[in-house]
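A short write-up of the structure that comes next.
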Amino acid sequence: MESYINSTNFFVGNKPEDLAAKFGTPLYVYNEDILRNCMRTVKNIITKYPYTANFSIKANSNIHIIKLAIEEGLNCDAVSINEAKLLLHAGQSKEKIFFVPNNVSADELQEAIDLGIMTALDSLDQLERFGQINRGGRCAVRLNPGVGAGHHEKVITAGKNTKFAIAADDVDNALAVASKYDLKIVGICQHVGSLFMDPTPFLQSVTNLLYMAKKFKDLEFIDFGGGYGVPYHKLNDEQPFDFAELSRKFEALLDDYVNEVGYAPLFKTEPGRYVCCEGGVLLGRIHATKNNAGKKYAGSDIGMTTLVRPSLYESHHDIEVIRDNEVQTPSNSEVEPITVTGNICESGDILCKERELPVIKTGDLVCLLDAGAYGYAMCSEYNSRFKPAEVMIMHDGEAKLIRRRQTFEDLLSLY
Ligand code: LLP
């Protein structure tokens, strides 16, 4: 497709320059309808058995997006006690929160116990700690299904090279720790990693986890984790994740398990990225262009503090160039190789390297696509830059500020 923002009418009639004038740049902009559609998709991954999709809010913990997820009937995952408290604050009920931390203190576990939130323990040691403070309690364990998947080695969370989860070889030891403290393991979970477009490794992990599940008695739930991918190369016609294929093959594996054990526990998934990625874009302003040693650079106000994914994982985000509210495309503009950078004092502060893009001029807006997941959530104040504002374009076209930009007073407020 030539333009995602045009073909989806992403701004629902708002002019990008008006959004930039009213809210400033850099600016995260979300589209309510797209977010809701993605939430509905994950809610229906499994329809044949009792099932919940848990929005993994680490991908985007803006309270207004959490509230949309609650309205759409999603459960939620928290990876820190603060995420759990944020969820409660947003109105999520404690029964619909699943706490999946790693390497947390006994105090943090105690807080989850006091709040009545189901917790998954990610090592024998943490299970032991949980047992010491909550003898006779109920909990889940996070298991390593032996297969990982993900867009970068830094986001693969199962298999041989990972800090996460209890290894298959240790399942008997986990059961022994549980019985030592009278703990009831009512659920098991896994997460193979983040962003796969081919479901094959994930389905293998499902098979492996279901095999391990048979060692546990009377499981109330089995959670298969997240990772469902988003096409980050949509301007090059990369196709969406095939949920129909996933569901068909996923349910077939569940059929075998349910037939063998004779009942269906509650099945869960934990999608983060898929829920909020395509419903968010990032608008920035080009403040300088230059040629250095024969290469053209366009310098924007989107630094690695605003979107760290390109510098951290060399992740690709499609970029649309907007001049006078018109999206520049190969059909209406010349293209040239250009490196788009941010405003942070590091040479790795780069959004894309020598990419063929419509000619960029000082004063243009750039719009980074697929910025709704792990965008704002990973912002920092490095270089004493403010965290940006976030706006949601509502179904009726209203542009609603859902988090204000930081101010200088915010930066001083911790001293
Ligand atoms: N469950 C657990 C236990 C997780 O650790 C994660 C993500 C998820 C669910 C959700 O995975 P998703 O559906 O979003 O792939 N910052 C990286 C992604 C890190 C993901 C970490 N865990 C990125 O920007 O690509």
Side-chain angles (χ1 to χ4, degrees), residues 1 3-8 10-12 14 16 19-20 23-35 37-39 55-62 64-65 68 151-152 155 194-195 228-236 238 240 271-286 298 300-322 327 340-344 349-352 355 357 364-380 385-393 399 401-403 405:
M1 87 184 57
S3 165
Y4 176 72
I5 50 186
N6 282 347
S7 63
T8 56
F10 195 92
F11 301 120
V12 196
N14 293 275
L19 295 171
F23 302 105
T25 58
L27 181 69
Y28 277 96
V29 186
Y30 302 94
N31 176 299
E32 180 190 4
D33 290 348
I34 297 176
L35 290 171
N37 277 338
C38 293
M39 290 170 181
F55 173 33
S56 189
I57 66 161
K58 69 164 76 65
N60 192 317
S61 52
N62 185 298
H64 297 274
I65 293 179
L68 278 194
H151 68 83
H152 188 280
V155 300
S194 195
L195 206 166
Y228 318 104
V230 161
Y232 279 88
H233 292 264
K234 43 178 57 65
L235 296 184
N236 273 336
E238 187 186 1
R273 185 188 312 271
Y274 190 85
V275 169
C276 51
C277 192
E278 294 185 296
V281 299
L282 177 54
L283 274 181
R285 180 77 71 189
I286 299 296
S300 76
D301 54 11
I302 303 177
M304 61 201 284
T305 50
T306 307
L307 183 72
V308 74
R309 303 190 70 258
S311 33
L312 188 58
Y313 315 115
E314 302 206 0
S315 292
H316 174 102
H317 284 262
D318 278 339
I319 298 179
E320 299 202 29
V321 180
I322 304 171
V327 176
V340 183
T341 70
N343 52 4
I344 299 303
D349 180 35
I350 283 175
L351 294 171
C352 72
R355 192 182 298 171
L357 286 176
D364 287 350
L365 287 173
V366 282
C367 182
L368 273 81
L369 305 185
D370 304 308
Y374 305 110
Y376 189 98
M378 295 176 82
C379 282
S380 76
R385 292 270 166 213
F386 299 145
K387 292 192 186 179
E390 297 182 288
V391 161
M392 195 184 301
I393 311 292
L401 183 66
I402 57 167
R403 179 149 44 184
R405 188 176 305 282

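These figures come from a predicted structure and were not determined experimentally. Only heavy atoms go into these numbers, but all of them, side chains included; no hydrogens, no water, no symmetry mates. If you read the sequence from its start, that first residue is 1, and numbering goes on from there.
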So, using ring-ring contact (aromatic ring centres under 6.0 Å, His included) as the criterion, who are the partners of Y232 when residues are at least two apart? H317
Donor-acceptor pair, side chain of D364 and main chain of I286, under 3.5 angstrom: no
Please report the interatomic distance CD1(I302) to CG(L283), rounded to the nearest 0.5 Å. 7.5 Å
Do Y374 and S315 come close enough that some side-chain heavy atom pair is under 4.5 Å? no
Rounded to the nearest 0.5 Å, how far apart are CD1 of I350 and OG1 of T341? 7.0 Å
Would you say the side chain of L282 lies within less than 4.5 Å of the side chain of Y376, judging by non-hydrogen atoms? no
Please round to the nearest 0.5 Å and tell me the distance separating atom CD1 of I402 and atom OH of Y30. 6.0 Å
Correct closest heavy-atom pair for L401 and V391 would be CD1-CG2, 4.1 Å
Give me the atom names and distance for the closest heavy-atom approach of R405 to K387. CG-O, 3.5 Å
For L368 and L307, what are the C-alpha separation, side-chain angles and deciding distance, and is it a side-chain contact (heavy atoms from CB on, under 4.5 Å)? CA-CA 9 Å; L368 273 81; L307 183 72; 3.6 Å; yes
Are the side chains of E278 and P231 in contact, using a 4.5 Å heavy-atom criterion? yes
Using every non-hydrogen atom in the two residues, find where I393 and F11 come nearest and quote the distance to one decimal. CG2-O, 3.6 Å
Approximate separation, where rounding is to 0.5 Å, of E32 CD and I65 CD1: 10.5 Å
Between N60 and A377 (side chain of the first, backbone of the second, donor and acceptor by atom type, cut-off under 3.5 Å), is there such a pair? no
Does any non-hydrogen side-chain atom of E238 lie less than 4.5 Å from one of H316? no
Nearest heavy-atom neighbours spanning C367 and I5: SG-CG2, 4.0 Å
Side-chain donor/acceptor of D370 to backbone N/O of C277, under 3.5 Å: no
According to salt bridge (Lys or Arg N to Asp or Glu O under 4.0 Å), does anything in residues 306-319 pair up with another residue at least two apart or in another chain? List the pairs. none
For a side-chain contact (heavy atoms from CB on, under 4.5 Å) check, start with the C-alpha distance between V340 and R355, then their side-chain angles and the critical distance, and finish with the verdict. CA-CA 8 Å; V340 183; R355 192 182 298 171; over 6 Å; no
Heavy-atom distance under 4.5 Å between the side chains of C352 and L357, does that happen here? yes
Between A59 and G272 the two heavy atoms that sit nearest each other are CB-C, 3.6 Å
One should read off an interatomic distance between R403 CZ and N62 CG, to the nearest 0.5 angstrom, of 4.5 Å
Verify, without hydrogens or angle tests, whether Y228 (side chain) and V275 (backbone) share a donor-acceptor contact under 3.5 angstrom. no
Scanning both residues in full, the closest heavy-atom pair of F23 with A389 reads O-CB, 4.4 Å
Is it the case that the side chains of Y4 and E320 hold a donor-acceptor pair, with the cut-off being a distance below 3.5 Å and no angle test? no
Between L351 and S300, is there a side-chain heavy-atom distance shorter than 4.5 Å? yes
If I take atom OG from residue S3 and atom CZ from residue F10, how far apart are they, to the nearest 0.5 angstrom? 11.0 Å
Partners of Y274 by ring-ring contact (aromatic ring centres under 6.0 Å, His included), sequence neighbours excluded? F243
T305 (side chain) donor-acceptor with C379 (main chain) under 3.5 angstrom: no
Heavy-atom check, side chain of E390 versus side chain of H64, under 4.5 Å: no
Test item: M392 and L68 side chains (from C-beta on) under 4.5 Å apart, heavy atoms: yes
